[in-house]
Asks: 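Mind having a look at this structure? Questions to follow.
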Amino acid sequence: MENKIRVRFAPSPTGYLHVGGLRTALYNFLFARKNNGKFILRIEDTDRNRYVEGAVENLIKALKWSGLDYDEGPDIGGDYGPYMQSQRLDIYKKYADELIASGNAYYCFCTQERLQQLREEQEKLKVPQMKYDKHCLTLTQEEIQKRLNEKIPFVIRLNVQPNQKIIFDDVVRKRVEFDSSNIDDQVLIKSDGYPTYHLANVIDDHLMEISHVIRGEEWLSSTPKHVILYDAFGWQRPIFAHLPLLLNPDKSKLSKRQGDVAVEDYRDKGYLKEALINFVALLGWNAGDDKEFYQMNELIEAFSLESVNKSGAVFDIVKLNSLNAEHLRHKSDKEILLLLKEEIKKSDLAQKNLSDDYLLLVISAMKERVTFVSEFITNCKYFYEEPKEYEQKSIEKNWKSDTAEHLNKLIDEFSKLENSQKVDFESALNKVAEELEISKGKLIHPLRLAVSGQSTGPGMFDLLFILGKDEVIKRIQKAIEKIKI
RNA sequence: GGCGCGUUCGUCUAGUGGCUUAGGACGCCGCCCUCUCAAGGCGGAGAUCACGGGUUCGAAUCCCGUACGCGCUACCA
């Protein structure tokens, strides 16, 4: 099969999945699914200093939670493995040697001290572009061998030819051009034998037959180095697509300091994966119409790299919240029940024996009034326990001198009820209102306060029905006792 | 400093030379619905399309310059 689509998400395991990473992973995923391609997870763990215990597991967990399932990866294998760069060291070594043989790379024995000194000198001279001075390129074969034999630490550097135009196409940015004179002789193999990102990335993308490199814009500046490598190896370049950055409200690159950046933070705060995915998809992409509410399958259907934006997008949590509420409303009551039961397990309601039928009633009453699943608990405690206190403002507004008397009448009427469906409560209340010659509202507001302790909530008769006749009467009595004006 | 990328309502965005008195969404305000709060419906405020020059009969849309922002500038990714 010609032109098969293979894309990859290649994070370095820093401990958690960044929402920017989620967006990158999502676009890769959508592109693959849309085009019948393969989506690959590759772990770029070539920096031993930044190794974090459990990071890979966390990453995989977050990806799975988000619904971004990959076709090949470290935990599931595939024909192009291993998918952990730390397990591919011999591969990088082999290709680095090849580069040295062809003159495209060279050994460098310079010490950190010399490099530091060089940098300082260049700074003093106000050299426009600070670069390595190719000092070790002049070493003879014998000198190199001697140092190798003496086990002097070395790195392998890319031998960049100056004064070349490096031009490549980017799906998002169109044509991008660099002058190779501005490109440093990048270290490809570090002195610990590990490759740098640039080398490992290019080799793996080629070996894994990656067709499209879809990654964040922070990589655009190093793409010419990658292009030089592809050309040096004589390999076909992939198609590049550099995604606009996710930004803090102050427009800087989205960072930990200004809010949550980990996918797991959002998950733990109760955001639905559907909402997070939908939100993040819209940060830098739009199908060209007004549609903003998407399920995953619709995203796959609508996605195209060509309609990705160029400019960075501020991560605005307020919009995420509204999408969360909307996705919640779109779920069936039964789906929400499952989520709510999980939430209850974590709450102080855990011991209560709440039936599914009861919770389903609560869900249908509250569904359009909540943003998070947890609010089925916190915003309507009165469904689970009688009110401990009564909203002062509502007392002032709705509790008059004759309120107790009115409510006693309601108790009488409710007590007589043989059926206690919504309509039964309603007609009972209507009857009382008529007898007292007052408006329904005059009854309903204090009744709501008595029964829920609050002034807001679902329709009155829904509330009464859900709580049940006995509980309602009990609560009214209690309120009459407790509320004094 | 150098190199690169970007710039449409507060935010996410539509717009690819005339359909645009620049459309939608979130947020904000108001009205309707209504027992409250939501949801829903309707309406409003909010962008001289960063700025300045061109090209053109005509520009948010094409070109040039400037400003500003961001990214990169590591033996980090």
Side-chain angles (χ1 to χ4, degrees), chain A residues 10-14 44-47 49-50 85 108 110 112 115 119 123 126-131 153-157 170 172-173 176-179 181-184 186-198 200-201 215-224 242 244-245 247 249-253 279 282-293 307 309-323 325-326 329 365-371 379-380 394 397-398 426 429 439-445 447-449 452 454-461 463:
Chain A
S12 63
T14 52
E44 311 230 326
D45 55 345
T46 56
D47 186 354
N49 301 322
R50 288 219 288 181
Q85 291 189 327
C108 171
C110 289
Q112 293 287 1
L115 258 22
R119 236 170 262 136
E123 198 154 351
K126 297 237 191 291
V127 176
Q129 185 72 34
M130 288 196 278
K131 287 181 354 186
F154 66 88
V155 300
I156 295 175
R157 308 188 88 109
D170 186 285
V172 178
R173 325 258 149 205
V176 186
E177 188 177 318
F178 289 82
D179 186 331
S181 301
N182 291 318
I183 298 165
D184 200 1
Q186 180 61 234
V187 170
L188 301 176
I189 300 276
K190 298 179 260 188
S191 55
D192 64 5
Y194 278 66
T196 56
Y197 172 88
H198 310 281
N201 191 265
R215 75 227 307 187
E217 200 201 292
E218 69 266 31
W219 293 111
L220 190 61
S221 299
S222 31
T223 303
H242 287 93
L245 259 22
L247 272 23
D250 71 356
K251 308 271 187 185
S252 56
K253 186 169 148 185
F279 176 62
L282 259 19
L283 256 25
W285 170 83
N286 179 285
D289 53 25
D290 289 337
K291 185 174 166 68
E292 297 209 333
F293 182 85
S307 41
N309 297 144
K310 292 174 171 63
S311 49
V314 173
F315 191 95
D316 176 19
I317 195 112
V318 177
K319 188 141 182 173
L320 208 208
N321 290 344
S322 88
L323 272 174
E326 198 174 347
R329 265 181 266 126
M366 291 299 295
K367 198 174 177 176
E368 290 182 342
R369 280 162 251 263
V370 299
T371 300
N379 282 10
C380 48
S394 180
K397 195 173 169 213
N398 300 309
E426 186 160 12
L429 185 135
S439 71
K440 285 164 63 178
K442 282 263 181 321
L443 248 23
I444 285 175
H445 293 299
L447 176 58
R448 177 183 296 283
L449 180 66
S452 73
Q454 299 183 192
S455 60
T456 64
M460 190 70 249
F461 304 107
L463 184 49

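The sequence lines fix the lettering, A, B, ..., with proteins before strands; numbering per chain opens at 1.
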Asks: Say you pick atom P in rC28(B) and the same atom in rA39(B); how far apart are they, in whole Å?
Replies: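 Each nucleotide's P atom is 10 Å from the other's.
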
Asks: When you compare the side chain of Arg173(A) with that of Pro244(A), does any pair of heavy atoms fall below 4.5 Å?
Replies: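 Side chain of Pro244(A) against side chain of Arg173(A), heavy atoms only: contact under 4.5 Å found.
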
Asks: Which atoms form the tightest heavy-atom contact between Lys190(A) and Thr196(A), and what is the distance?
Replies: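 Residues Lys190(A) and Thr196(A), closest heavy atoms: CG-CG2, 3.8 Å.
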
Asks: For RNA chain B, whose closest nucleotide is more 5', that of Leu282(A) or that of Ala287(A)?
Replies: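 Of the two residues, Leu282(A) wins.
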
Asks: Taking atom C1' in both rU21(B) and rG4(B), what distance in whole Å separates the two?
Replies: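 That atom pair is separated by 39 Å.
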
Asks: Need the pair for rC3(B). Rule: Watson-Crick or G-U wobble, both distances under 3.5 Å, any strand; none if unpaired.
Replies: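 Here rC3(B) is engaged in a pair, and the nucleotide opposite it is rG71(B).
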
Asks: If we take the P atom in both rC9(B) and rC51(B), what is their distance in whole Å?
Replies: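 Looking at atom P only, rC9(B) and rC51(B) are 10 Å apart.
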
Asks: Whom does rC33(B) pair with, Watson-Crick or G-U wobble, provided both distances fall under 3.5 Å?
Replies: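 Base-paired to nothing in any strand shown.
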
Asks: Closest approach of Leu283(A) and Val314(A), non-hydrogen atoms and distance?
Replies: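 Closest pair (atom of Leu283(A), atom of Val314(A), distance): CD1-O, 4.0 Å.
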
Asks: Are Cys108(A) and Ile156(A) side-chain neighbours, meaning at least one heavy-atom pair lies under 4.5 Å?
Replies: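 Side chain of Cys108(A) against side chain of Ile156(A), heavy atoms only: no contact under 4.5 Å found.
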
Asks: With a 4.0 Å cut-off on heavy atoms, is Val370(A) in touch with a base, just the backbone sugar-phosphate, or nothing at all?
Replies: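 Val370(A): no heavy atom of the nucleic acid under 4.0 Å.
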
Asks: Report which part of the nucleic acid Ser455(A) touches: base, sugar-phosphate, or nothing (heavy-atom distance under 4.0 Å, all strands).
Replies: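 Base, at least one base atom sits under 4.0 Å.
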
Asks: Using a cut-off of 4.0 Å on non-hydrogen atoms, how would the nucleic acid contact of Phe293(A) be classed: base, sugar-phosphate, or nothing?
Replies: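 No contact.
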
Asks: Taking only the P atom of each, what is the distance from rG54(B) to rA60(B) in whole angstrom?
Replies: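 My reading of the P atoms in rG54(B) and rA60(B) gives 15 Å.
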
Asks: Counting only Watson-Crick or G-U wobble pairs whose two distances fall under 3.5 Å, which nucleotide matches rA39(B)?
Replies: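 Its partner is none (no Watson-Crick or G-U wobble pair with both distances under 3.5 Å).
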
Asks: Considering only the C1' atoms, how many Å lie between rU8(B) and rA47(B), rounded to the nearest integer?
Replies: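 That atom pair is separated by 6 Å.
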
Asks: What string of B, S and - do you get for nucleotides 59-77 of chain B, 5' to 3', when a contact is any protein heavy atom under 4.0 Å?
Replies: -----------SBSS-BBB

Asks: Salt bridge or not between Lys319(A) and Glu292(A)? Use side-chain N to carboxylate O under 4.0 Å.
Replies: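 The answer is yes: the pair qualifies as a salt bridge.
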
Asks: Does rG10(B) have a Watson-Crick or wobble mate here (both distances under 3.5 Å), and if so which one?
Replies: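 rG10(B) is paired with rC26(B).
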
Asks: For residues Thr223(A) and His242(A), is any side-chain donor paired with an opposing acceptor at under 3.5 Å?
Replies: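 Yes, a side-chain donor-acceptor pair sits under 3.5 Å.
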
Asks: Rounding to the closest angstrom, what is the interatomic distance between rA25(B) and rU66(B) at atom C1'?
Replies: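 Comparing C1' positions in rA25(B) and rU66(B) gives a spacing of 34 Å.
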
Asks: Name the pairing partner of rC57(B), where a pair is Watson-Crick or G-U wobble with both distances under 3.5 Å, or state none.
Replies: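 Checking every strand shown, rC57(B) finds its partner in rG18(B), with both distances under 3.5 Å.
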
Asks: With a 3.5 Å cut-off and no angle check, do the side chains of Asn309(A) and Ser311(A) form a donor-acceptor pair?
Replies: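 Checked: Asn309(A)/Ser311(A) side chains show no N/O donor-acceptor pair below 3.5 Å.
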
Asks: Once hydrogens and angles are ignored, does a donor-acceptor distance under 3.5 Å link the base of rA39(B) to the side chain of Lys367(A)?
Replies: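 Flag unset: no donor-acceptor pair detected.
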
Asks: To the nearest 0.5 Å, what is the distance between CE on Met460(A) and CG on Leu443(A)?
Replies: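 With rounding to 0.5 Å, CE (Met460(A)) is 10.0 Å from CG (Leu443(A)).
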
Asks: In whole angstrom, give me the gap between the C1' atoms of rA45(B) and rA50(B).
Replies: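 Those two atoms are separated by 23 Å.
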
Asks: On a whole-Å scale, what distance lies between the P atoms belonging to rG18(B) and rG65(B)?
Replies: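 Each nucleotide's P atom is 26 Å from the other's.
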
Asks: Hey, which sits more toward the 5' end of RNA chain B by its nearest nucleotide, Asn309(A) or Pro128(A)?
Replies: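 By nearest-heavy-atom nucleotide position, the 5'-most residue is Pro128(A).
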
